[in-house]
Amino acid sequence: MHSWQVSKMKQRRSAMPASVKGGIELRKALKTFTPDLAKGLPKEVGAALKPITKSARGYLPDQGEVLSGWLPRQMSEATFPSYNARIVKAGIGYKTTPSKPNRRGFRSLARVFNKTAAGAIYETMGRKTPQSRFVQNQNAKFSQSMKGDGKVEGRALYRAYEENNGKARDAVLKAITNAANKLNARASVRG
Amino acid sequence: MANIVIDIASEFTGAKAFKQADSATQKLTSGVKKLAGAVGLAYGTSAVIAFGKASVKAAAADQKAQQQLALALKNVGLERDAAGAEGYIQRLQSEFGIVDDLLRPAYQSLAIATRDTAESQRLLNLSLDISAATGKDLGSVTAALSKAYLGNNTALTRLGVGISKADLKTKSFYDITNDLATTFKGSATAAASTFQGSMDKLAVASANVQEIIGTGLIDALTGLGNNDSVANLAASMEETAEYTADVIRGIGVLADKLKSLPGFSNLNVGMIPILGSYLQGLRALGQSNQIKPAPFSTPMTISGQSSKSSTSAQTKLAKETLKVNKENLKLTKAKAIFDLQKIQIEAALKGKISEEERIRLKLMQAIEDENISQIEKYTKMLDEAQKNTEKLVTTLASIKPLDDVFKNWNFMSVKEQLASLQSYFNGFAGSAASAFNALNQEQQAALGGYKPFVGASIPSVSASNPSMPSVVGLGTNGTGNQLPAGVTINVNTGIGDPNAIAEAIDEVLTNARNRGTLVGGLFAV
């Protein structure tokens with residue numbers, strides 16, 4: 001039997017992750033005792049996260065929709081990251097394996113990310129300097145509206161997460177709950 | 001770096017930094033408590049009394065250790081370096097966070113062994129590095145080095161510092177310690193720069209504070225209790241401590257009250273009206289009445305100059321050392337006479353041995369004698385011999401084995417061959433007769449008159465070469481130049497020698513041909 005619980009206090013609709021207690025132990029137990037469930041859980045979690053990443057990729061501009069000076073050049077002229085639509089879109093994804101602990105001691109069990117520098121620039125540009133020439137020019141050419149609040153305000157991933165209305169998080173928690181229940185059920189049958 | 005990540009679900013597992021911080025906090029708390037105890041803060045009267053006793057004890061022990069070291073140095077002729085050694089130890093303890101209670105015995109043992117200040121300090125530095133790197137206590141390491149300096153290497157090998165027996169036999173102590181210094185260079189400094197090292201330094205500072213306060217208490221009590229018993233001294237000390245603790249506590253309350261006043265930040269005892277001036281005066285009095293150190297009477301030297309007495313003592317010591325060394329050498333040589341190992345090597349050298357074995361034995365002998373030049377010489381020779389051996393082995397391996405020249409020979413004894421031949425001829429005669437009889441007359445006539453015969457008889461060619469009727473044959477007239485009947489052919493030759501067999505067969509056939517029986521008889525078809 002594995003004690004785990006989801007903190008209801010943390011389940012607000014924001015980027016604040018739901019705190020799961022015993023999630024990593026649950027994964028270990030699943031891998032040891034029920035390999036089929038261990039394989040099924042990441043798939044179920046992935047299925048819940050995939051709509052967010054799919055929407056986020058759709059919000060990213062294509063190669064012809066960004067400023068010409070932002071496109072890749074023959075020779076690198078500066079350290080500012082160039083925008084390659086294929087690479088930026090491929091940089092949006094999800095992971096269901098537990099991460100290393102962060103500085104505050106939390107390990108992520110499921111996460112979505114926008115990992116390229118150019119993707120991050122498009123995601124957050126204009127948060128602090130909406131009147132900058134670069135932001136205005138890009139907005140004039142192509143831009144999606146920003147959604148979210150504070151640090152989780154953005155045009156692609158943050159927007160997709162915001163528009164997901166917490167469905168993904170609920171689905172992830174449900175998948176974890178179901179896996180735990182199935183494990184416990186099998187354990188009680190065997191016991 | 002871009003860090004656009006949304007954690008959907010996460011789990012708190014605790015960070016490594018938290019554990020480190022927790023451990024560090026506990027250690028710091030412990031250190032601060034000790035320090036607080038040292039300055040008498042946050043403790044009651046009983047704690048102050050206990051601390052006072054401990055301080056006095058620590059100061060006394062420290063003084064005693066200093067005197068012991070000075071005496072030991074004096075006894076080995078290093079009296080003039082006593083003050084320098086004490087300063088060196090103080091520097092080490094502040095630099096590496098090792099209390100002088102450990103450093104003094106270590107330095108003392110090295111000084112007794114080496115009788116040389118520079119060497120003692122070099123070895124103590126090395127000991128600190130080895131101790132920090134291996135985790136062994138300083139006393140064990142210095143004891144091992146002291147013994148090794150005097151020729152006993154066993155303890156050094158047990159330290160597990162990567163010295164082989166070959167090194168111990170071939171290298172000098174100076175070379176070995178230089179190797180060790182290279183191996184463990186900077187270990188003590190590295191250890192001192194860690195958090196634990198910092199805590200050790202704090203502990204050393206705390207111990208020093210205790211000793212300094214203890215020295216002050218001894219000074220004060222010596223002044224107070226000149227005419228009193230020890231019991232009275234103790235009572236005075238406790239009363240003084242209680243009084244001091246109450247004063248400290250009162251000052252604490254006063255400071256707290258003063259803090260509430262606007263524009264007042266820190267308490268300066270000198271600012272307290274009336275009482276402050278008294279306390280300042282008391283402090284000045286205490287400072288002026290510190291017991292001064294005894295005048296330094298040791299004769300000082302500059303740049304190697306020394307007084308006559310110390311020079312003569314050192315000369316005497318050097319002579320004695322030389323004498324002992326010579327006696328040890330003689331003893332070693334005497335022991336060598338009965339050294340079984342050497343005897344066995346000598347005996348083996350007199351036996352019938354190969355050149356390489358002789359070199360090996362000579363090398364063993366040189367190692368036993370600790371003769372470096374011979375060791376080098378025979379090591380080189382052995383290397384060359386081994387290379388030559390390897391070359392020979394390679395050459396031999398490259399030579400292909402000889403093929404078996406007789407592998408295609410079908411060995412059969414001559415008797416068997418002749419028997420087989422006879423059987424063949426018998427069969428041939430029978431089948432030839434049958435075949436001839438089966439022919440019609442025209443066919444028989446077409447053979448030119450030849451027909452098989454059996455038991456034909458012809459006259460002898462000569463008396464010396466008689467011909468006998470052959471058993472079977474083909475002839476025109478029922479006879480032929482057949483092999484004489486009843487002649488047995490004996491071929492005398494060794495079985496298995498193909499050349500002899502071939503020659504024997506050739507001889508038989510030659511004889512048969514010479515006799516005419518081979519051509520006109522059996523094969524005259």
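Throughout, protein chains are lettered first and strands after them, A, B, ... in sequence-line order, and every chain is numbered starting at 1.
- When all heavy atoms of A/Q138 and A/L67 are compared, the closest pair comes out as OE1-N, 3.1 Å.
- Counting only N and O atoms by type, the side chains of B/D7 and A/S108 include a donor and acceptor under 3.5 Å apart.
- At a 4.5 Å heavy-atom cutoff, the contact between A/T124 and chain B is made by side-chain atoms alone.
- Contact annotation: the side chain of A/L37 never approaches that of A/L41 to less than 4.5 Å [non-hydrogen atoms, C-beta and beyond].
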Query raised in the report: Can B/N125 and B/Y88 be said to form a side chain to side chain donor-acceptor pair (under 3.5 Å), step by step?
Result: CA-CA 11 Å; B/N125 280 335; B/Y88 171 70; 2.9 Å; yes

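- Heavy atoms closer than 4.5 Å to chain B are found in the side chain of A/L49, but not in its backbone.
- A/V112 touches chain B through backbone and side chain together, each having a heavy atom under 4.5 Å away.
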